[in-house]
Amino acid sequence: MAKTKTLYFCQNCGAESPKWVGKCPACGEWNTFVEEVVQKEKSASGYISSRHTVNKPIAIQEVEASKEARIIVPDGELNRVLGGGIVPGSLVLIGGEPGIGKSTLMLQIALNLSHKRVLYVSGEESAQQIKMRADRMEHSSENCFILTETATTDIFKEVKELDPDILVIDSIQTLTSPKMESAAGSVGQVKECTAELMRFAKENKIPVFLIGHITKDGAIAGPKVLEHMVDAVLQFEGDRHLSYRILRTTKNRFGSTNELGIYEMLNNGLRQVSNPSEILISQKEGDVSGTAIGATLEGNRPLLIEIQALVSTATYGTPQRSATGFDSKRLNMLLAVLEKRGGFRLGIQDVFLNIAGGIRVEDPAIDLAVCVAIISSLEEISVSSKACMAGEVGLGGEIRAVNRIDNRIAEAEKLGFEVIIVSRFSLKGIDQSKYNIEIKACSRLSEVVSYLFG
Ligand SMILES: [Zn+2]
């Protein structure tokens, strides 16, 4: 047995130190250092030497462009978020809250990829439980193998025998490397197991999917370095009480980030939602005050999203402000702009904001729709359901240009909207005559208000 050595790891950022420290020198958090037992020399030297002996400098013209075909899965949403299919040898982390459906998603993909041999390693559920889930999905594949094991050495032994095309680990927090003595799920174990799987993926050109649980505050349980180690991070999110699920790329070495895949959770698995705008705009009879449609962009995908606002006189002293699916600080900023620049008396009002469909939006282009929804509720005047908008609202009450306005206009046109309100500055170089939708250009919030509310 090689000599063991202890190190201290920051539970917040994964920084390591030979002795205990009260304040992390890397991230500044207090009391985050936890002791871990490691056999440092063995794992470190083995890893570095194998890397450094193989690679030699090559002239860039002589580097062969990777022609490796991606594995296209029968799931358009996953292909999209991965940037066009699975890259051989890639290590992909799928993060999400417990119970959101990560295992369902990965099992469904494993079963649908019937022409590829998939090894599904589960440290959480028994083979019988996984079989029951597969039966519910009404899918089966001769090439999907289940292994209930948590020790990495044993997993690699089985992998060698089975020679799978894809490896799925459910979940990284259950794995243990026998090189270490600490418990499964500890920072040291998660780091070490991920490092071993990464070496395995790169050396054998086999893609590996890691399922990782995230904590209440949204971070993937374990060190933040986990996200830096893998090639791609996909977040699986959604409200557990709603049927829609969103798969979002937050990191991708082989494609663009902020791509979005949308699914609906059904009794027999996840259904791909190819026209998400339809589900994000609620079906209703007639026009209702307090709603507005924003033309947002998630990755390369234009989405029309309904914003709902409820403004009512505060019953208790301090008015309440609450936002679901939207940054509450940004909501406060927009309320201040409406008060100061628009003259709307919102200081004594409770304001509740909700993005329909349980989706979370970070695109600033939604600002205008948020403001319009709030004014609509405050004034109790409805906005035409045939109107949508895309614009960032500045502190001076100006409507700012947003990127890729042509995609937004095209999506609004496709969905049958009659008018889209945009910033005047967005329209430079845009041929407006090719669209069969009225494009209303505004440069100030007050113009939008007088246009919509007269
Ligand atoms: Zn730290």
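When reading the values below, keep in mind they use all heavy atoms of this one structure, side chains included, and skip hydrogens, waters and symmetry mates. Throughout, numbering of the chain's residues begins at 1 and tracks the sequence. Counting convention: from 1, in listed order, for ligands and their atoms alike.
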Taking 4.0 angstrom as the limit, do Arg408 and Asp363 come out as a salt bridge? yes
- Between the side chains of Lys251 and His228, does any donor sit under 3.5 Å from an acceptor? no
Listing, residues 369-376 side-chain donor-acceptor contacts under 3.5 Å, not counting sequence neighbours, or none:
from   : atom 1 : to     : atom 2 : distance (Å)
Ser376 : OG     : Gly290 : N      : 2.6
Ser376 : OG     : Ile381 : O      : 2.7

Residues pairing under ring pair (Phe, Tyr, Trp, His ring centres under 6.0 Å) where one sits in residues 72-110, two or more places apart or in two chains, turn out to be none
query = Are Gln189 and Ser177 linked by a side-chain donor-acceptor pair shorter than 3.5 Å?
reply = no
Here the ring pair (Phe, Tyr, Trp, His ring centres under 6.0 Å) pairs for residues 164-203, sequence neighbours left out, are Phe156-Phe200
What lies under 2.8 Å from the Zn ion (ligand 1), restricted to protein N/O/S atoms, is Cys10 SG, Cys13 SG, Cys24 SG, Cys27 SG
